[in-house]
Amino acid sequence: MFALVDCNSFFASCEKVFRPALEGKPVVVLSNNDGCVVARSPEAKSLVAMQATLFSIQDLVNRGTIHAFSSNPILYRDMSRRVIQTLQHFSPEVEQYSIDEAFLGLHGFTKADLGDYGQKIRTTVKQWTGIPVSVGIAKTKTLAKLAAHEAKRYPNLNGVLNFEALADPNAVLASIDVGEVWGIGRNLKAKLKAMGITNVLQLKNADKTRIKKKFGVLGLRTVLELRGTPCFPMEPVASPKTMRIVSRSFGHLVTELSDIKEAVATYTTRCAEKLRADGLVAGQFTVSMRTSYYRPENQYSAARSVELDQPTNDTAVLIHEAMRLAEAAFTPGYEYLKAKVIATELSPAGEVQGNLFAAPADTKKRDRLMQAVDSLNRKLSPDAVKFGAMGLKPTWAMRSDYFSQRYTTHWGELPTVKVMSYPQPLPSVLSSDSNAF
DNA sequence: TCTGGGGTCCTAGGACCC
DNA sequence: TCTGGGGTCCTAGGACCC
């Protein structure tokens with residue numbers, strides 16, 4: 001048996017934990033660059049569409065009807081870590097599937113227990129982290145995902161649905177759109193519709209050979225999972241990354257090569273930090289840049305790659321290569337919206353094969369330098385020590401006008417509590433059910 | 001006007017091997 | 001008229017996920 005624990009409106013919920021006054025109020029979180037809405041609290045769902053642009057809801061934000069926040073990935077990652085840690089109390093088998101979801105392997109429970117266990121998971125996560133979650137329980141991962149989806153849809157389920165305890169599971173499946181199934185996206189949904197398959201029960205009962213032929217093994221596995229045959233096992237140990245990407249839109253359109261190079265150097269620095277944190281080195285490095293898709297006139301995009309003589313995660317080496325790639329990809333006369341760097345052909349840092357034709361690098365010394373840079377930046381601030389190529393004052397930096405605080409990861413930004421003198425009533429912050437303080 | 005970021009997996013097809 | 005069988009490796013592109 002599997003449980004899927006899914007955080008409700010995750011990013012919006014993270015912001016609410018540290019702003020108890022926002023309880024019951026509509027909150028949205030914006031994408032990078034304050035572009036569009038990527039998370040909505042339940043109260044915001046009727047007011048704002050997913051992916052609505054900030055521009056289109058600016059009035060509601062200005063009037064205070066909706067509380068908007070810029071993306072705060074450091075906060076969300078840390079809250080995610082807390083949720084996962086909490087879940088590890090409930091099963092030895094926890095697979096973090098995304099920033100706001102995890103599968104739990106459930107053995108040794110009778111079917112009747114599981115619904116109660118789900119409720120216990122839900123209340124504990126809420127109490128320990130402040131984050132509301134939904135829990136779906138079933139014999140396969142695909143069904144557990146659907147169960148969690150249903151648990152959100154019907155408030156009377158109190159956030160938990162044990163699919164195996166349903167009196168008539170097929171009736172439930174018939175009520176769910178086939179596009180809700182894990183692995184069925186926009187394109188496959190359209191293809192299935194053309195075959196007359198629009199709800200989950202129809203997909204479950206579809207002809208296996210036909211599905212295999214049209215949708216490959218993934219489609220077949222999905223059908224089997226709907227029938228209760230597990231095809232996607234627990235994967236508690238994350239498999240090593242195959243690529244690392246850093247890409248950002250600019251705060252405004254950029255025309256100068258010098259600005260793009262600064263941005264690329266900055267992204268390369270972030271990318272190298274990630275590689276070092278993962279203990280990986282890159283064998284190939286790619287830089288790309290493009291204009292806006294939404295301006296059909298004067299479109300341009302280009303990418304350049306390099307095979308590195310010696311796989312590395314040394315920021316200076318990667319910036320050196322990245323600058324050459326950026327120059328090669330750049331064509332003057334365009335308004336650039338976005339740049340991206342990609343590290344591929346990743347391998348563990350300790351197992352690098354020497355290059356017969358390249359001079360051996362003094363990597364020990366370089367490694368120590370990078371370690372020193374990383375530890376200074378961790379202690380002080382992310383760019384306390386930076387490379388000259390990153391520029392001193394970026395003109396291209398992304399917008400982030402509604403940033404909250406790194407409440408849980410930065411000494412200078414911890415939440416503060418104002419305590420009023422006894423015997424006045426406790427401020428609402430302290431009496432809220434959030435345990436965050 | 002504004003319209004995100006970061007990934008993984010599978011398949012088809014071509015080149016090549018014996 | 002018929003012209004094998006069984007593989008591996010690589011890449012591009014398309015699909016999906018959150």
For the backbone of [Y] and the side chain of [X], can you confirm whether one donor and one acceptor N or O come within less than 3.5 Å of each other?
| X | Y | result |
| --- | --- | --- |
| A:Asp401 | A:Asp34 | no |
| A:Arg122 | A:Asn158 | yes |
| A:Thr140 | A:Glu225 | yes |

Under a 4.0 Å threshold between the charged nitrogen and the carboxylate oxygen, would [Y] count as salt-bridged to [X]?
| X | Y | result |
| --- | --- | --- |
| A:Lys274 | A:Asp278 | no |
| A:Lys393 | A:Glu262 | no |
| A:Lys152 | A:Asp6 | yes |
| A:Lys145 | A:Glu101 | yes |
| A:Lys214 | A:Asp207 | no |
| A:Asp177 | A:Lys189 | yes |
| A:Lys261 | A:Glu327 | yes |

Going by number, which of residues 252-277 of chain A have a non-hydrogen atom under 4.0 Å from DNA chain B?
A:Lys274

Could you list by number each residue of residues 33-49 of chain A showing a heavy-atom separation from DNA chain B of less than 4.0 Å, or answer none if no residue does?
A:Gly35

Along DNA chain B (nearest heavy atom to each residue), the more 5'-positioned of A:Met243 and A:Ser292:
A:Ser292

On DNA chain B, compare the nucleotides closest to A:Lys338 and A:Pro240; which residue's is nearer the 5' end?
A:Lys338

Within residues 180-207 of chain A, residues whose heavy atoms come under 4.0 Å of DNA chain C:
A:Val181, A:Trp182, A:Gly183, A:Ile184, A:Gly185, A:Arg186, A:Asn187, A:Leu188

Contact list for DNA chain C against residues 220-236 of chain A - heavy-atom distance below 4.0 Å
none

Kindly check if the number of other-residue, nucleotide or ligand heavy atoms within 6.0 Å of [atom1] ([X]) is above 12?
| X | atom1 | result |
| --- | --- | --- |
| A:Arg81 | CZ | yes |
| A:Lys45 | NZ | yes |
| A:Tyr293 | OH | no |
| A:Leu392 | CG | no |

Which part of the nucleic acid, if any, lies within contact of [X], taking any heavy atom under 4.0 Å across all strands shown: a base, the sugar-phosphate backbone alone, or nothing?
| X | value |
| --- | --- |
| A:Gln58 | nothing |
| A:Ile99 | nothing |
| A:Tyr97 | sugar-phosphate |
| A:Thr242 | sugar-phosphate |
| A:Lys340 | nothing |
| A:Ser98 | sugar-phosphate |

Side chains of A:Arg19 and A:Ser404 only: does a donor on one sit below 3.5 Å from an acceptor on the other?
no

Is there a donor in the side chain of A:Tyr267 and an acceptor in the side chain of A:Ser247, or the other way round, less than 3.5 Å apart?
no

Measure from NZ or CZ of A:Lys141 to the centre of the six-membered ring of A:Phe103 and say whether it is under 6.0 Å with the direction within 45° of the ring axis.
yes

Kindly express the pairing pattern of DNA chain C in dot-bracket notation, using | wherever a base pairs with another strand and counting only Watson-Crick or G-U pairs under 3.5 Å.
....||||||||||||||

Using the P atom as the point on both nucleotides, what is the distance between C:dC18 and B:dT3, in whole Å?
24 Å

Which is it for A:Tyr402 and A:Leu30 under the side-chain contact (heavy atoms from CB on, under 4.5 Å) test, yes or no, and what are the steps along the way?
CA-CA 9 Å; A:Tyr402 303 91; A:Leu30 303 167; 3.9 Å; yes

Note: chain A reaches DNA chain C at heavy-atom distances under 4.0 Å over the stretch, first to last nt, 5' to 3', of C:dA15 to C:dC18

Please evaluate residues A:Asp367 and A:Gln371 with respect to the criterion side-chain hydrogen bond (donor to acceptor under 3.5 Å, both in side chains), reporting the C-alpha separation (whole Å), side-chain torsions for both, the decisive distance (0.1 Å), and the verdict.
CA-CA 6 Å; A:Asp367 286 349; A:Gln371 274 171 27; over 6 Å; no

